[in-house]
Amino acid sequence: MFDILLKNSELCGMQLNKIIRLNNNVLNIRLFYIILLITSLFYILSCKKEKKNETPTINLFLPLSNITLNAIDSVRVKATITDDYGPLTVSVYIVNDQMQTFTLPLVKTFSGSVINIDEFYFFNNKYFETGIYYIVIRADDGNSIVNEFIKVNIIEIPKVLNSIYVGVEDFSGVKIFCNDTLGNFNQIGIISSTIISACVNSYTQQMSVLTNNGNFITYSIPDFQIVWQKSGLTTPGHIFKGETKVYENYTYVNDANGYIYGYDYLGNVRNVNSIEDGVPISFNFCNNKLLTFVEYDNYNSYSIQLLYPNGGLLSKYQINYLPFKILPNSAISTTVWGNSQNNIQMYTYYTEINNLQTFGNIISGNFNDVVVTPDNKYLLSAGNNLMTIEKTYGNTSIYASGNRADFMKFENISQTLYIVDNNIISEFNYPNSLKINSFNFSGRILFFDFCYNK
């Protein structure tokens with residue numbers, strides 16, 4: 001007020017300063033009201049109750065519960081899925097009673113809050129076993145998930161023997177043969193190395209071979225093309241004694257550096273076991289555990305080591321004889337085969353208490369091979385005889401006299417016994433000891449294995 005009364009008596013410059021001061025006051029008042037308004041809006045919005053996000057709702061029409069499907073089949077899925085917001089993602093797949101997924105999912109994504117699905121879900125898993133499964137309808141709105149389970153019965157595809165693969169020694173390496181639908185063996189490839197072990201993985205439809213120079217090569221079958229390979233399994237100054245096996249869909253092999261590896265169909269390591277104090281020379285899976293013979297560096301001392309299949313030592317037992325093979329006996333024991341004083345000796349290894357005891361009687365003759373029979377006995381190839389051995393007391397009886405087997409395997413679907421003697425594969429219709437067929441090859445047979453449809 002004082003500034004206004006003096007306005008006429010002051011210099012022009014002084015009057016301009018007073019006008020500016022008045023304008024600043026007006027701006028300050030406006031800014032104050034703007035800030036007050038914004039603060040009030042934030043307060044009102046913060047006090048507003050947030051709306052709850054509801055879980056999706058599934059109205060299922062098809063499939064009906066307890067329908068029967070095949071392992072390779074399709075099923076009509078008809079459902080309406082609603083949500084208060086969206087977007088929605090709906091998945092359809094099949095699980096077993098332990099909620100393990102068995103099929104690739106059918107996935108549908110929508111930006112809206114309602115999905116109407118009416119289409120066929122095609123699934124393909126030839127490894128389904130006959131039993132009860134559940135079709136899962138899964139709805140996900142990004143905040144919550146809801147599942148609908150439909151009980152179904154699935155019938156498995158019968159297991160069928162597709163072919164037999166044979167590796168035959170040749171001056172150029174190893175010739176690979178495969179039999180056709182008429183039973184005739186035809187050459188499908190050649191490997192220019194010495195093979196010390198091989199196996200067929202029916203799950204992956206692959207054949208893996210281990211060579212004496214430490215290469216592990218996996219081929220696709222039946223086209224016999226290399227899929228993946230590993231090298232460096234040997235170590236300088238060590239006699240390489242390798243072995244291959246298939247267990248729970250993975251292909252296993254040991255090296256000379258103290259490891260046993262489990263590979264998937266792409267050659268990725270899925271399991272690895274580190275062996276203590278030595279090198280694994282042979283192994284087997286018994287009662288969900290891995291057992292291996294381990295040779296120490298002086299080549300005259302061995303142990304049996306018991307490991308978890310996915311790694312980790314459980315126990316080991318020192319032995320003073322040359323080990324040959326490990327086979328399952330009961331839920332808590334295995335039978336170990338070895339050579340003691342130029343005779344075949346059997347031992348029972350109790351895995352739960354880490355105890356080894358002699359079993360049965362000493363058998364004269366050179367050890368060739370031993371397998372478990374379909375009627376739960378042992379079939380031993382000793383010298384030039386095949387004999388069966390009971391698991392309870394170790395009583396022996398001659399199965400086929402004068403029949404030598406370098407190695408042998410049972411084809412369990414037909415219960416046919418295949419034995420190899422040098423360059424000949426012979427078939428026996430077990431338990432009958434009559435030879436029903438033979439196949440001659442031009443060289444010594446190094447391995448053979450069966451390929452199934454699954």
Side-chain angles (χ1 to χ4, degrees), residues 70-72 96 100 102-104 123-131 154-167 174 176-189 191 195 197-210 216-230 243-253 260-271 283-286 288 290 309 327-328 371-374 407-418 420 425 427 430 439 445-454:
N70 294 314
I72 299 176
N96 62 5
Q100 296 173 316
F102 269 70
T103 61
L104 293 174
F123 59 91
N124 182 343
N125 189 338
K126 61 184 178 182
Y127 298 100
F128 272 118
E129 295 180 355
T130 298
I154 294 182
I155 300 175
E156 67 185 52
I157 296 175
K159 190 175 182 180
V160 177
L161 176 64
N162 285 341
S163 54
I164 304 172
Y165 287 83
V166 182
V174 180
I176 308 300
F177 291 85
C178 173
N179 65 338
D180 56 25
T181 55
L182 299 177
N184 301 313
F185 283 91
N186 304 294
Q187 183 178 338
I188 62 170
I191 299 173
I195 294 175
S197 184
C199 64
V200 171
N201 190 329
S202 294
Y203 177 81
T204 62
Q205 293 294 293
Q206 295 173 342
M207 182 178 72
S208 297
V209 300
L210 178 63
F216 190 51
I217 311 169
T218 295
Y219 299 84
S220 58
I221 50 179
D223 58 337
F224 202 68
Q225 299 295 315
I226 294 179
V227 181
W228 55 268
Q229 57 184 319
K230 308 293 178 180
E243 189 171 21
T244 63
K245 274 188 174 63
V246 175
Y247 180 71
E248 291 188 346
N249 304 332
Y250 296 146
T251 303
Y252 284 79
V253 65
I260 299 175
Y261 296 97
Y263 294 99
D264 64 13
Y265 72 105
L266 294 174
N268 300 313
V269 176
R270 291 295 187 171
N271 288 320
F283 63 93
N284 201 1
F285 295 91
C286 304
N288 297 317
L290 172 61
L327 290 177
V371 294
V372 178
T373 67
F407 49 93
M408 51 190 174
K409 291 181 181 179
F410 272 98
E411 199 291 292
N412 291 325
I413 295 177
S414 62
Q415 294 192 2
T416 301
L417 171 66
Y418 289 78
V420 169
I425 291 183
E427 297 179 9
Y430 186 88
F439 304 93
I445 298 171
L446 300 179
F447 73 88
F448 77 96
D449 206 355
F450 307 112
C451 181
Y452 297 90
N453 63 326
K454 63 177 185 175

CZ of Phe216 to OG1 of Thr218, rounded to nearest 0.5 Å, is 5.0 Å
Could you grab the distance from atom CG of Asn453 to atom NZ of Lys126, nearest 0.5 Å is fine?
6.5 Å
Output all residues satisfying side chain to side chain contact (heavy atoms under 4.5 Å, CB included) with Thr130, sequence neighbours left out; order by chain, then residue number.
Ile155, Glu156
In chain order, what residues pass the side chain to side chain contact (heavy atoms under 4.5 Å, CB included) check against Ile188, with sequence neighbours excluded?
Tyr165, Ile176, Cys178, Phe224
Would you say the side chains of Asn125 and Thr103 form a donor-acceptor pair under 3.5 Å?
no
Will you find, in the side chains of Thr244 and Ser208, an N or O donor that is under 3.5 Å from an N or O acceptor?
no
Is the number of heavy atoms from other residues, nucleotides or ligands under 6.0 Å of [X] [atom1] greater than 12?
| X | atom1 | value |
| --- | --- | --- |
| Leu104 | CG | no |
| Phe450 | CZ | yes |
| Glu129 | CD | no |

Which pairs, with at least one residue in residues 261-271 and sequence neighbours excluded, count as a salt bridge (charged side-chain N to carboxylate O under 4.0 Å, His left out)?
Asp264-Arg270
Go through the steps to decide whether Ser163 and Asn179 satisfy the test side chain to side chain donor-acceptor pair (under 3.5 Å), and finish with yes or no.
CA-CA 6 Å; Ser163 54; Asn179 65 338; 4.7 Å; no
Ignoring hydrogens, what is the shortest heavy-atom contact between [X] and [Y]? Give both atom names and the distance.
| X | Y | answer |
| --- | --- | --- |
| Tyr203 | Asn201 | N-OD1, 3.0 Å |
| Pro374 | Asn412 | CG-OD1, 4.5 Å |
| Cys199 | Val246 | SG-CG2, 3.9 Å |
| Ile157 | Ala71 | CG1-CB, 3.8 Å |
| Asp180 | Asn186 | OD2-ND2, 3.4 Å |
| Lys454 | Ser202 | O-CB, 3.5 Å |

Hey, are the side chains of [X] and [Y] touching, using non-hydrogen atoms and a 4.5 Å cut-off?
| X | Y | answer |
| --- | --- | --- |
| Tyr219 | Val209 | yes |
| Ile260 | Val253 | no |
| Gln206 | Thr251 | no |

For a side chain to side chain contact (heavy atoms under 4.5 Å, CB included) check, start with the C-alpha distance between Thr373 and Tyr430, then their side-chain angles and the critical distance, and finish with the verdict.
CA-CA 9 Å; Thr373 67; Tyr430 186 88; 3.6 Å; yes
Going through the distances and angles, do Gln205 and Cys451 end up as a side chain to side chain contact (heavy atoms under 4.5 Å, CB included)?
CA-CA 8 Å; Gln205 293 294 293; Cys451 181; 3.7 Å; yes
Which class fits the ring pair Phe407 and Phe448: parallel under 30°, tilted 30 to 60°, perpendicular over 60°?
parallel
Mind checking side-chain hydrogen bond (donor to acceptor under 3.5 Å, both in side chains) for [X] and listing every partner two or more places apart, or none if nothing turns up?
| X | result |
| --- | --- |
| Tyr127 | none |
| Ser414 | Glu411, Thr416 |
| Tyr252 | Asn271 |

Cation-pi, Phe283 ring and Lys245 (6.0 angstrom, 45 degrees)
yes
Would you check if the side chain of Lys409 reaches a backbone N or O of Val371 as a donor-acceptor pair within less than 3.5 Å?
no
Just do the side chain to side chain contact (heavy atoms under 4.5 Å, CB included) check on Leu210 and Phe447 with the steps written out, would you?
CA-CA 11 Å; Leu210 178 63; Phe447 73 88; over 6 Å; no
Strictly under 6.0 Å, is that where the ring centroids of [X] and [Y] end up?
| X | Y | value |
| --- | --- | --- |
| Tyr263 | Trp228 | yes |
| Phe439 | Phe185 | yes |
| Tyr418 | Phe410 | no |

